[in-house]
**Q** 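Got a structure here, written out as C-alpha cells. Questions coming.
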Amino acid sequence: MGVYLRVLLIEDSENDAILVTRELKRGDYDVTWERVETPEEMEKALAKDWDIILSDYHMPHFSGLTALALLRQKPLDIPFILISGTIGESIAVAAMKAGAHDYIMKDNISRLVPAVQRELREAEIRHSHHLAQEELRDSEEKYRNLVENIPSITYTSQMDREDSVIYISPQLQKFLSLSAAEWMTNDLWSKRLHLDDRKWVQEEYKNAYRNEKSFCAEYRLLTSDNREVWAHDECAPIRSKDGLILFMQGYMVDITKRKQAEIALQESNRRLEKALEELEKMQKKLIREERINALGQMAAGIAHDFNNALSPICGFSELLLASPQSLENKEKVTRYLELIHTAAEDAAGTVRRLREFYRVREAKEEFSSLDLNEVIRYVVSLTQPKWQNQAQERGVMIDVETQLPAIPAVIGHESSLREALLNLIFNAVDAIVQKVVQEKTQRPHLATTSNESQTERIILSTHCDDEKSIILEISDTGTGMSDEVRNRCFEPFFSTKGEKGSGLGLAMVYGIVKRHEGTIDLETELGKGTTFHLVFPIGKHEEKAEAKQPGSDASHPLRILLAEDDDIVRQVLTEYLRVDLHIVTTASNGKEGWEKFCTGHFDLVVTDRAMPQMGGDEMSVLIKKENSKVPIILVSGFGDIIKSTDEQIPSVDIVLSKPVSMADLRQAVAKCSR
C-alpha cells in the first residue's frame, strides 16, 4: 500500500493526466486525483483538501501562471509544480518568481516523483514552522496578558548594575504613577527609593548581583507626587543552558495597605500595652484600697475589743496601786490578777486574729486538705466586732448563726477562703445596716415607738451534695439586689457603695472560688435579703502528723543573755526565765548585748529585733561569727510576718511572736538546750 496522495491536476489533456498519475503510482503513491481545466473549476476544487497541485503551463482556456495567481489569493500553503512540454528558461524563471515551487518537462517526467517528495517535505516543514509560530504568538499573547493583568509588577534587568531595567510591566503606572518608559529611560529605581531605605536596599541589591544570588526585601518607594508606598521586591538570576547569567527576573508587589495595617496594629498594641499597664496599676491600687478598707473595718472593731480588754487591766491595776493595803487581801488580789490576766489574754487573742488576716497574703502557700467548718468559725469570730459591736452602735441587732454539721475536707488555700468569707460577711452586714437605716428614715415613728431593736440574721451553713461536693450557703436579711445589680455584682470595679467601695470585693470572691475549682451563685430579692451558694469539690483528707511537743523545761539551768529595749517586756521575759532557775543577764540594746556577750559566757541568747544603736539581726550575726554553737531566739512583734513571708534570718534559730507566753518561751528554750 503506497503513501496516500491527494492531487489536483490542472490539465486540458486527459491522456497527459493519466500519464502523470501513472508516474506517481510508480513512485509508490496511492493517488486520489481530480482534473480541472478552467478557473471556475479550479475555484470550486480549491474548497477541498489537496496535498499538491500539478499544472500544465499552456491550455486553451487557462494557463499555469493564472492558476498559480489564483492559488496565491487563497490562504493556502499547497505545493505548486508546473508541467509543460514546451517551456523556456525565461518562462521557468518567471514561474518560480511568481511562487511556483518547481517545474517539470513532460519529456523528463521521471523528475516528477523526486520533485513531489521534496515539495511535500518542505510543505510539512513550513506547516510545522507555521504552527510553532502560531504557538509562540499565542504563548507571547498569554504571557503578555498575564503580566499586564496580575497585581504585581514584573521586571527584567541586566547584570551590570541594579538600575539597568530592560523591561517593566505597565502596572508600574498604577503603583507609582510613572510610566514604564520613564522608569527605564531615566533609571528611576534608585532615585525613587525612600531616603531612609536607600543605602541598605542598594547594598542588598549589589550583594545579590555580586554573588549571583536571589534578592528579597520590603522597602519604601516614592511615587511621582512623593507619596510613600511599600513594595515587596523579589528577583533571581536567569541562566543560560551553559550556566551563564543572562539577566535578573523579578517582581514587585504593592504592600502599602498591609504595612499601614501592621504599623497601625503595632501602634494599637503599644497603646493597649500602656493601657494594660495603667489598668494593672489601678487594679493593684484598688485591691490595696479594698484590703485597707477591710483592715480599717476590722481595726475599728479591734479597737473596741482592745478598749474592753484594757478597761479591767487599767482599772484593777489602778485599784491595787491606789490601795496598797488591799495587797494584804490575797483573795482579792488573786481575783484582780485573774481578771487582769483574762483581759490580757483577750487582747492577745484579738492580735492573733489580726495576724491571721495579714497572713492571708502568703503567696507561697499551696492548697492543702482543710476543714471548711473551722474556717467559717474562725471568720465569724474575726468579724464579730463588725456584725455585733459596730452594728449595735447604729441601732442594728445582728445575730450570726452557724449550721455546721460534720463534712468531709476540701482541698484549698485556707487564707484565700478566709478572705472570701470575710468579704461576704462584711457585705451582708452592710446590706442589713443599709436596710434598717432606710426603714428608720422612711418610717421614723418606728424608732420612737419601739423600745427594742429588730434582730436581723446572717446564717452560714454547710452540707454535702451527692458525696462529690460541699455546699456553703451564706444568707442575710439585708436589702437584697435588683436584677441589674445581681447580673453585674461579680464584675470587677462594679460597686453600689459609691466612693466607699472599690467594686472588687465580690470579684475577688468569684476569683477565689474559681481557683478552688468551685462555683458561686446567688438568690436575692429586694427588701428580703440575699443567699450566696458556694460549691467546692470534696478533697481527700490528709492526716496531719502531730507535732512532737518539746520538754516542758530545760534539763538544767542555762546562762542566758536577754537583749530587749522595752523595760517592761524585758522584766516580764526575765521573770519568765528565772521561774525555771535560769541565770539571766540583760541588755537594753544590741550594742550593749554584744559587749556583754564578748565579756561573758552564755549558753543561749534571747533578743528583740528592732532596738536602738544595734538591732537584734546585726547582734546575732556578730554572735554567730564569734561562736556559731550558741543558739539564738528572736522575739519580735513582727514574728508572724517573718514566718508568713518565709523570711530567712540565718543567724537566728527560733522566731517567737510577741506577746510571748511563758509556755512558748519555755518550749523554745528547751528545744535550744537539747
Side-chain angles (χ1 to χ4, degrees), residues 286-301 357 360 375-376 378-394 396-402 415-439 455-462 471-514 516 518-535:
L286 289 173
I287 290 174
R288 202 161 47 242
E289 290 176 354
E290 176 72 19
R291 288 175 173 167
I292 290 173
N293 180 56
L295 279 171
Q297 293 186 58
M298 283 198 307
F357 181 79
V360 169
V375 177
I376 295 170
Y378 177 81
V379 174
V380 170
S381 173
L382 179 66
T383 57
Q384 183 173 349
K386 170 78 173 180
W387 54 259
Q388 187 177 78
N389 304 324
Q390 292 181 28
Q392 288 178 6
E393 289 176 359
R394 302 190 66 177
V396 181
M397 298 294 294
I398 299 177
D399 183 14
V400 176
E401 300 178 14
T402 57
S415 57
S416 296
L417 292 176
R418 283 200 300 269
E419 183 169 5
L421 292 176
L422 188 82
N423 271 285
L424 292 173
I425 292 176
F426 279 180
N427 281 350
V429 173
D430 290 340
I432 290 173
V433 171
Q434 181 184 359
K435 187 188 79 168
V436 174
V437 170
Q438 287 177 351
E439 289 177 349
T455 300
E456 303 291 339
R457 301 173 68 196
I458 299 175
I459 302 175
L460 294 92
S461 63
T462 58
I471 298 178
L472 164 60
E473 294 182 349
I474 302 176
S475 302
D476 66 67
T477 56
T479 57
M481 304 180 192
S482 66
D483 290 339
E484 179 186 0
V485 173
R486 183 194 185 286
N487 293 331
R488 299 189 60 193
C489 65
F490 292 116
E491 291 181 11
F493 312 117
F494 176 77
S495 175
T496 59
K497 300 178 182 179
E499 295 181 357
K500 295 181 179 180
S502 67
L504 286 176
L506 288 180
M508 292 169 63
V509 173
Y510 180 85
I512 290 169
V513 173
K514 287 298 181 183
H516 284 75
T519 61
I520 182 170
D521 197 3
L522 63 96
E523 297 176 12
T524 185
E525 184 178 350
L526 276 175
K528 298 293 182 65
T530 301
T531 299
F532 283 90
H533 304 273
L534 284 68
V535 182

**Q** Sequence neighbours excluded, which residues qualify as side chain to side chain donor-acceptor pair (under 3.5 Å) partners of D521?
**A** R486

**Q** Could you check T477 against E456 for side-chain hydrogen bond (donor to acceptor under 3.5 Å, both in side chains), going step by step and ending with a plain yes or no?
**A** CA-CA 6 Å; T477 56; E456 303 291 339; 2.5 Å; yes

**Q** Determine the minimum heavy-atom distance between T383 and I425, stating which atoms define it.
**A**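 Closest approach of T383 to I425: OG1-CG2, 3.8 Å.
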
**Q** What is the distance from atom CG of L472 to atom CD1 of I376, rounded to the nearest 0.5 Å?
**A** 4.5 Å

**Q** Please find the pair of heavy atoms, one from H516 and one from S416, that lie closest to each other, and give the distance.
**A**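 Reported closest heavy-atom pair: CE1-CB, 4.2 Å.
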
**Q** E523: which residues meet the side chain to side chain donor-acceptor pair (under 3.5 Å) condition with it, sequence neighbours left out?
**A**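 For E523, the residues satisfying side chain to side chain donor-acceptor pair (under 3.5 Å) (neighbours in sequence not counted) are H533.
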
**Q** Got a second to check how far L522's CG is from I474's CD1, nearest 0.5 Å?
**A**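 L522 CG to I474 CD1: 11.5 Å, rounded to 0.5 Å.
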
**Q** How far apart are the closest heavy atoms of A420 and V509, and which atoms are they?
**A** O-CG2, 3.6 Å

**Q** Please name the pair of heavy atoms, one in T531 and one in E473, separated by the smallest distance, quoted to 0.1 Å.
**A** CG2-CB, 4.4 Å

**Q** Only counting residues at least two apart or in another chain, list the ones meeting side chain to side chain contact (heavy atoms under 4.5 Å, CB included) with D399.
**A**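 Scan of D399 (side chain to side chain contact (heavy atoms under 4.5 Å, CB included), adjacent residues dropped) gives E401, T455.
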
**Q** Is any side-chain heavy atom of E419 closer than 4.5 Å to a side-chain heavy atom of N423?
**A** yes

**Q** Would you give the length of the straight line joining atom CG of N487 to atom CE of M481, rounded to the nearest 0.5 angstrom?
**A** 10.5 Å

**Q** Taking side chain as C-beta onward, heavy atoms only, is L534 less than 4.5 Å from L424?
**A** yes

**Q** Anything under 30° is parallel, anything over 60° is perpendicular, the rest tilted; go ahead and classify F490 against F532.
**A**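 Aromatic pair F490/F532 classed perpendicular.
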
**Q** Can you name the side chain to side chain contact (heavy atoms under 4.5 Å, CB included) partners of L526, sequence neighbours left out?
**A** S482

**Q** State which residues pass side chain to side chain donor-acceptor pair (under 3.5 Å) with E525; sequence neighbours excluded, sorted by chain then number.
**A** none

**Q** Who pairs with V400 by side chain to side chain contact (heavy atoms under 4.5 Å, CB included), at least two apart in sequence or on another chain?
**A** V380, W387, I398, I458, L460

**Q** Can you list everything that forms a side chain to side chain donor-acceptor pair (under 3.5 Å) with T530? Sequence neighbours excluded, please.
**A** T524

**Q** Rounded to the nearest 0.5 Å, what separation is found between the CG atom of N427 and the CG atom of L422?
**A** 9.5 Å

**Q** Who pairs with K514 by salt bridge (Lys or Arg N to Asp or Glu O under 4.0 Å), at least two apart in sequence or on another chain?
**A** none

